[in-house]
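Source: prediction; values computed, not measured.
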Amino acid sequence: MIELKLQQAIAETLNGLYGIEIKEENVILQATKKEFVGDFTLVVFPFVKQARKSPEMVANEVGAAVTEKVDDVKGFNVIKGFLNFEISDCYWTKFVTGLMGNEAFGLKPVDPNAAPIVVEYSSPNTNKPLHLGHIRNNLLGWSVSQLLTANGNNVKKVNLVNDRGIHICKSMLAWMRFGNGETPETSGMKGDHLVGKYYVEFDKHYKEEVKALMAEGMEEEEAKKQSPLMLEAQSMLKRWEEGDKEIRDLWTKMNGWVYAGFDETYRKMGVGFDKIYYESNTYLLGKELVQKGLDLGVLYRREDGSVWCDLTGDGLDEKLLLRKDGTSVYMTQDLGTALLRHNDFGAEQLMYVVGNEQDYHFKVLKLILGKLGFDWADKVYHLSYGMVELPNGKMKSREGTVVDADDLIEEMEKTAEEMSREHGKNDDMDPEEQKHLYHILALGALKYFILKVDPTKNMLFNPAESIDFNGNTGPFVQYTHARIRSIVRKGLEQGINMNASVSQMQLNDKEREVIKTLHDLPSTITAAASNYSPAMIANYAFNLAKLFNSFYQDTPILKEENEMVKTFRVQLCSAVAQALKNTMMILGIEVPERM
């Protein structure tokens, strides 16, 4: 890439002219601002003191020397202390023709033997179906995994299913009380939806009990503790941990319903995992670590039997690790899971894709692992992301006010169908091809709308806005790809040789802008991976698609009379299509060959 040649030449020049020693990788080049002539800019102010010359003089001397050394530099200009290099059309055209047949453009190869980055995402509870909040988690986790892989990292995608605890006991108890033996088969409901129904049912009856106790004069907090339903759910959890067969059998049956439902939703979303962990297995290892902490004296037991870690010396508070009845908490199983993953993978990093309401939890996890003597505790990284909100506020699972993932995907498929028919984009397709198109447009709209937002920010989800064929949306990029592929197919039909070498031609401004953006793909992927930000990839894809459409509107391609120019422009189209396909792949979005 031309940047590397420039960096090397600049480093050599600074040393040769002024005795300034600087590593090539520390030579910072910026894209030249649009109002100036040039492609890459070097800011020379950091070097003027050692050079003992004015910024303009340093820039002119360096510019002249580098232009002499690097054949691909057409010329340079100086604006005060800013040195702008202009790259030759010959370099840009060779760059494009060199991309022909390179399906991995922008993607670095992965060493499968390298220590992996283990990325945990999804982590659902088995008391409810996946909802809109889970969608952002799954799409972000999958996309960050793809992004890290595209940057050459060995990535392992994992899921921790929270399959035990008070939450599932609530659903189990409500089903025992009010279910009348209802099953997914008898109800016609997906298993995760059925279990979620009884989680809501528990909350309804629980609130009624609390209200009745308060009417008898009990304070609200005490009423919540003394609710017969809550006491029975807590007793059920204790019986589960003690291995009670009846409770374990019911738990196995209801969780089985949920797993089948989850698998169907994951398939619809197009996400998956290399390994799935279950809290029911990892919490026991967590309990062993709690005992280790007691033995080491870094944890302590209170008079009521509960176990705590005192983190006040670290600026935090005291953290519960075992309840007084001996049952574990989330932190217990997260300790066990972290150790298990480290042993399973020898990971370079243990990444947790979890909402920002758990920031404190992961600070505590990292601290306690360190206190337990694990030197890899600093490899724990919390990829914290913002919440998804709706126009009418936050969602609450226990009250049944959630946007269900399955329902949302189905509704978006219907919307995709309506808008496709309205735009006449599928009239010549058979029914199966149409159905597939609606599905990938719906998922493209959903994934792109969620992933284009910086992960750290809260977002407001608007389904109708997300599926527009114009503007910064997934369908806009998908349609651009389909349009380009149509051009390439027609070019091939006209006898265009995609492997022809084209180097001697003059580029127009629109061509150069598209090519320079193409050229930025590898560095964009590297920067996005460093920031764990699929949003940078989404914005790149949109910008490239937008620039291509502007080029397409103003520049003849298949109607160009000069055969060499026509060949080059079809090659450019093909390179843009591949770049869009690769960037959208990182986002987990399929691009259609035609629409």
Side-chain angles (χ1 to χ4, degrees), residues 31 105-107 119 121 132 135-151 155 269-271 353 383-389 408-409 412 416 440-484 513-514 516-550 576-592 595:
F105 172 51
L107 312 178
V119 182
Y121 59 94
L132 180 56
I135 286 179
R136 188 177 197 189
N137 180 291
N138 278 277
L139 299 187
L140 182 59
W142 174 267
S143 184
V144 166
S145 299
Q146 294 287 91
L147 177 55
L148 292 171
T149 301
N151 199 44
V155 177
M269 280 195 287
V271 303
V353 181
L383 180 55
S384 175
Y385 65 89
M387 296 295 98
V388 182
E389 296 181 358
L408 177 60
I409 293 171
M412 294 199 70
I440 65 173
L441 286 176
L443 284 183
L446 176 62
K447 292 179 178 184
Y448 188 92
F449 193 88
I450 286 176
L451 293 172
K452 75 177 181 180
V453 178
D454 185 309
T456 62
K457 296 180 180 178
N458 289 350
M459 64 171 295
L460 188 69
F461 182 69
N462 185 329
E465 183 182 328
S466 73
I467 209 161
D468 195 342
F469 283 98
N470 298 301
N472 191 2
T473 68
F476 170 73
V477 180
Q478 289 172 308
Y479 178 59
T480 300
H481 177 271
R483 165 183 277 173
I484 296 171
E513 197 169 15
V514 171
K516 286 167 65 176
T517 303
L518 265 179
H519 196 264
D520 288 340
L521 178 56
S523 61
T524 299
I525 290 176
T526 298
S530 297
N531 290 279
Y532 307 120
S533 177
M536 295 174 68
I537 299 297
N539 291 328
Y540 172 90
F542 170 65
N543 187 45
L544 180 59
K546 185 173 62 173
L547 289 173
F548 174 83
N549 279 290
S550 177
V576 171
Q578 190 64 58
L580 291 178
K581 185 174 184 177
N582 290 355
T583 51
M584 295 295 266
M585 175 272 294
I586 291 172
L587 302 179
I589 297 173
E590 183 179 346
V591 285
M595 283 175 64

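Residue pairs meeting the side chain to side chain donor-acceptor pair (under 3.5 Å) criterion with at least one member in residues 440-452, sequence neighbours excluded, are Tyr448-Asn472. Listed by first and then second residue, the side chain to side chain donor-acceptor pair (under 3.5 Å) pairs involving residues 135-147 are Ser122-Asn138, Asn137-Tyr385 (not counting sequence neighbours).
Note that CZ of Phe105 and CG of Leu518 are 5.5 Å apart. Values are rounded to the nearest 0.5 Å. Between Phe461 atom CZ and Leu408 atom CG the span is 5.0 Å, to the nearest 0.5 Å. Atom OG1 of Thr149 and atom CG of Leu107 lie 10.0 Å apart (nearest 0.5 Å). Note that CE of Met387 and CE of Met459 are 11.5 Å apart. Values are rounded to the nearest 0.5 Å. With values rounded to the nearest 0.5 angstrom, Leu446 atom CG is found 12.5 Å from Leu441 atom CG. To the nearest 0.5 Å, atoms CG (Asp520) and NZ (Lys516) are separated by 8.5 Å.
Between the Asn549 side chain and the Thr480 main chain, no donor and acceptor come within less than 3.5 Å of each other. A donor-acceptor pair under 3.5 Å links the side-chain atoms of Thr526 to the main chain of Pro522, judged by distance alone.
Among residues two or more places apart in sequence or in another chain, the side-chain hydrogen bond (donor to acceptor under 3.5 Å, both in side chains) test is passed with Thr456 by Asp454. Listed by chain and number, the residues in a side-chain hydrogen bond (donor to acceptor under 3.5 Å, both in side chains) with Ser533 amount to none (sequence neighbours excluded). Partners of Ser530 by side-chain hydrogen bond (donor to acceptor under 3.5 Å, both in side chains), not counting sequence neighbours: none found.
A side-chain contact (heavy atoms from CB on, under 4.5 Å) with Leu580 is found for exactly one of Ile589, Leu521, Ile484, namely Ile484.
Residues Leu140 and Pro534 have side chains in contact (heavy-atom distance under 4.5 Å, counting atoms from C-beta outward). At a threshold of 4.5 Å between non-hydrogen side-chain atoms, the residues Leu443 and Glu590 do not count as touching.
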One pair to check against side chain to side chain contact (heavy atoms under 4.5 Å, CB included): His481 and Val477. What are the steps and the verdict? CA-CA 6 Å; His481 177 271; Val477 180; 5.8 Å; no
Please list, one pair per line, the donor and acceptor atoms closer than 3.5 Å that link side chains of residues 535-543 to other protein atoms, with sequence neighbours excluded.
residue	atom	partner	partner atom	Å
Asn539	ND2	Ala535	O	3.1
Tyr540	OH	Thr517	O	2.8

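Annotation for Val119 and Leu148: closest pair CG2-CD1, 4.3 Å, computed over non-hydrogen atoms. Here the closest heavy-atom approach between residue Pro592 and residue Ile440 is recorded as CB-CD1, 3.9 Å. Residues Met412 and Ala445 come closest through the heavy atom pair CE-CB, 3.8 Å.
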